[in-house]
Amino acid sequence: MSRISQYLTDEHHHCDDLFAQTEEAASRGGWAEAKDGFGRFRRSTEAHFEMEEKVLFPAFENATGISLGPTQVMRMEHRQMREVFSQMAAAAQRQDADEYLGLSETLLMLMQQHNLKEEQILYPMADQALAGQRETLIGSMQALASGA
Amino acid sequence: MIPAGLSFEQAPPISVPFRFFLTAPWFLLAAGLLLVFSGPEMMLSRHMPATLAATHLLTLGFTSMVMCGALMQMLPVVAGSPVPFPRAVAWGVHVPLTLGAAGVAAAFLADSGPLMHGAAGLAGAAFAVFIAAAAWGLARVTSHSPSAPAMGLATAALLATAALGLALGIARYGGFALPYGQLASLHPLWGLYGWTTLLVIGVAYQVVPMFQLTPNYPPLLTRWLAGTLFLLLVLRTAAEFLPLPDWLPGLGLAAGAAVFAVTTLKLQARRKRKIGDTTLLFWRIGMGLLLAACALWPAILLLPEEAGEKARLLLGVIALPGFILAVINGMLYKIVPFLAWFHLQSRYAGQVTIPNMKQFQPDKPARFQLGLYLAALALLAIAVFHPPLARAAGLLWAANALALGWNLVRAAHLYRRTAHVALEKKSD
């Protein structure tokens, strides 16, 4: 069983759940719920980015010698998503529904095409390249998550 | 093994897909205007010259135009393998396809052999460039995407469609003894079912879960459906020339498409993202129309000849201006605003305020266009049985094309203006 990809794909789905609940709350003007939900969504997603950036990507780069390839692009897309997070937080603070929903539509596309590339290309490559270290890596990622 | 060439290369320049997307609505407009001018005679049969002209304005000028652009955009994401030389390929497909689409339609109307040969040659050249580029990308697939195999089969079906189309162009005016009747029944089958529907299926595997956060399509379906349908198309083709029953593969094709439509509707009903949008509406309408087409197709075999022709024309309306146009139209409202945002964000983040997707494509004008589309489609379906309404239907189609074209041009204009502001700031 390819556990690195399974572990990280499950995380994507967890973040999707939080994203959808938050967007729905914002669309019906439930701002207290939306702000709270957005906070949880943002923390979960940040924690996931950190697992990748601090554990998975360096291990992948070490094992394959590819440091200017997929991981570089994934880091850049993390940066793009973080910028949208800041704008969404500001829109939620102002309770600006049009702005929030426009940004959330944008984030969904950005996030989903990003996840797709990870789940269908990068994670399977990582499963192969890092087969010997999966227990250790998943352990490190879990430790990072519980520490956060 | 790690493919050394895998660089996760980002999307091609925005001008690559946008030229296709911004050209397509004007062919839809041309088809609408043709219906206004030619009117009721187009409702007599699928084989009226003006009907054939309008059909090719839609298939070459609209659907293939958008699909070629979209596939060049999607291959790097879903297959992990970009199309080589994207700018050159875009030129090599877009220019001859535009001229070919207009030329084929004009040749049907003018009943001109030389024009048909030249225009079919241009469209054929466009597809040859596209197929070569797509095959190059698809041969290097590094992803575990369920879409890639279906996209490969769709591309193979495009090859068959183009070859059949070229043969028909020659047979219609040349002295060659080609089996015109058989080719004429196979060409639309490979075009609408093979190239277009297989591509819709392949794209759906990826975008339906993505846009609305639905569960994934069942692995059994993604593994077997596209290949089985392709095999059925081959059997249906063989049945034209060999003593095989043609209704059997036909029934299988209808059943397979129905399974796809029902699965899609069920997945959408289970979506996590509860808020709806115009794209979702277009897709649900498209899937409903696909189901209607699947029901009507086998029923036609039971009808007498004369009633059969009307029913075939209606089937064509449900399949092409119905199912296929609805699905493509819905896709455009996601792809165009996302690409505009993504390219600006990648290049000018921090230098200028970048409009979000809904500012590139606001909900209201998109919904307005959806309303026009539904009215145009309904009136066209009625006009099949009551031809005097054909001109009015044509007017609605023209209005629908203008509304769609306006929405896309507006997004492209906002992209340009924002990029311009960013560049001016830079030079200050």
Side-chain angles (χ1 to χ4, degrees), chain A residues 2 5 12-13 16-21 23-28 60 63-66 68-74 76-77 79-81 83-84 87-88 91 98-129, chain B residues 1-11 73-74 76-81 141-148 205-207 209-216 271-277 279 333-335 337-342 345-346 349-350 353-363:
Chain A
S2 41
S5 52
H12 283 167
H13 292 157
D16 286 349
D17 288 336
L18 295 174
F19 169 89
Q21 289 160 14
E23 188 184 45
E24 200 258 333
S27 76
R28 56 175 162 70
F60 179 83
T64 61
I66 308 175
L68 291 173
T71 47
Q72 185 83 345
V73 180
M74 294 300 101
M76 190 197 81
E77 292 187 349
R79 265 201 304 281
Q80 287 183 314
M81 281 185 263
E83 276 172 48
V84 184
Q87 294 171 5
M88 286 171 85
D98 282 349
E99 176 75 5
Y100 185 91
L101 293 173
L103 287 166
S104 123
E105 165 92 359
T106 312
L107 178 68
L108 178 70
M109 287 287 283
L110 182 61
M111 193 165 73
Q112 292 302 311
Q113 62 90 38
H114 174 84
N115 292 355
L116 193 141
K117 287 190 280 197
E118 288 188 339
E119 289 168 22
Q120 294 178 352
I121 306 174
L122 183 67
Y123 294 167
M125 281 169 77
D127 276 331
Q128 274 188 333
Chain B
M1 207 197 82
I2 304 300
L6 177 63
S7 59
F8 259 71
E9 213 146 307
Q10 284 303 283
Q73 178 65 43
M74 289 185 77
V77 181
V78 302
S81 132
V141 168
T142 50
S143 117
H144 293 225
S145 163
S147 293
Y205 290 164
Q206 213 79 82
V207 303
M210 214 173 131
F211 291 163
Q212 303 298 333
L213 301 178
T214 73
N216 285 324
R271 68 190 197 277
K272 282 186 203 165
R273 194 188 195 203
K274 294 295 173 208
I275 60 168
D277 61 25
T279 299
Y333 282 147
K334 288 279 183 197
I335 304 181
F338 178 67
L339 290 181
W341 180 87
F342 185 78
Q345 221 283 343
S346 304
T353 311
I354 294 156
N356 65 49
M357 274 178 68
K358 290 211 174 185
Q359 287 166 314
F360 282 108
Q361 183 51 64
D363 287 329

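Within every chain, numbering begins at 1; the chains are lettered A, B, ... in the order of the sequence lines, protein sequences first and strands thereafter.
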Practice problem: Name the member of A:Glu99, A:Gln80, A:Glu24, A:Gln87 that forms the most heavy-atom pairs with chain B at distances under 4.5 Å. | Solution: A:Gln80
Quiz prompt | B:Asp277 portion near chain A, given a 4.5 angstrom heavy-atom threshold | solution = side chain
Quiz item: By a 4.5 Å heavy-atom criterion (distance strictly below it), what part of A:Leu103 contacts chain B: side chain, backbone, both, or neither?
Solution: both
Quiz item: Between A:Glu119 and chain B, which part of the residue has a heavy atom less than 4.5 Å away: side chain, backbone, both or neither?
Solution: neither
Quiz item: Using non-hydrogen atoms only, which part of B:Gln345 is less than 4.5 Å away from chain A: side chain, backbone, both, or neither?
Solution: both
Quiz prompt | B:Phe360, part contacting chain A, at a heavy-atom distance under 4.5 Å | solution = neither
Practice problem: Identify the residue among A:Glu23, A:Gln112, A:His13 that makes a side-chain contact (heavy atoms from CB on, under 4.5 Å) with B:Leu213. | Solution: A:Gln112
Quiz item: Counting heavy-atom pairs under 4.5 Å to chain A, which of B:Lys358, B:Arg271, B:Gln359 comes out on top?
Solution: B:Lys358
Quiz item: Could you give the distance from CE (A:Met88) to CG (B:Asn356), rounded to the nearest 0.5 Å?
Solution: 10.0 Å
Practice problem: With sequence neighbours left out, write down each residue that passes salt bridge (charged side-chain N to carboxylate O under 4.0 Å, His left out) with A:Asp17, or none if nothing qualifies. | Solution: B:Lys272
Quiz prompt | Approximate separation, where rounding is to 0.5 Å, of B:Arg273 CZ and A:Ser104 OG | solution = 5.5 Å
Exercise. Against chain B, label A:Glu83 side chain, backbone, both or neither, depending on which of its atoms sit under 4.5 Å from a heavy atom there.
Key: side chain
Quiz item: At a heavy-atom separation under 4.5 Å, does A:Leu116 approach chain B through its side chain, its backbone, both, or neither?
Solution: side chain
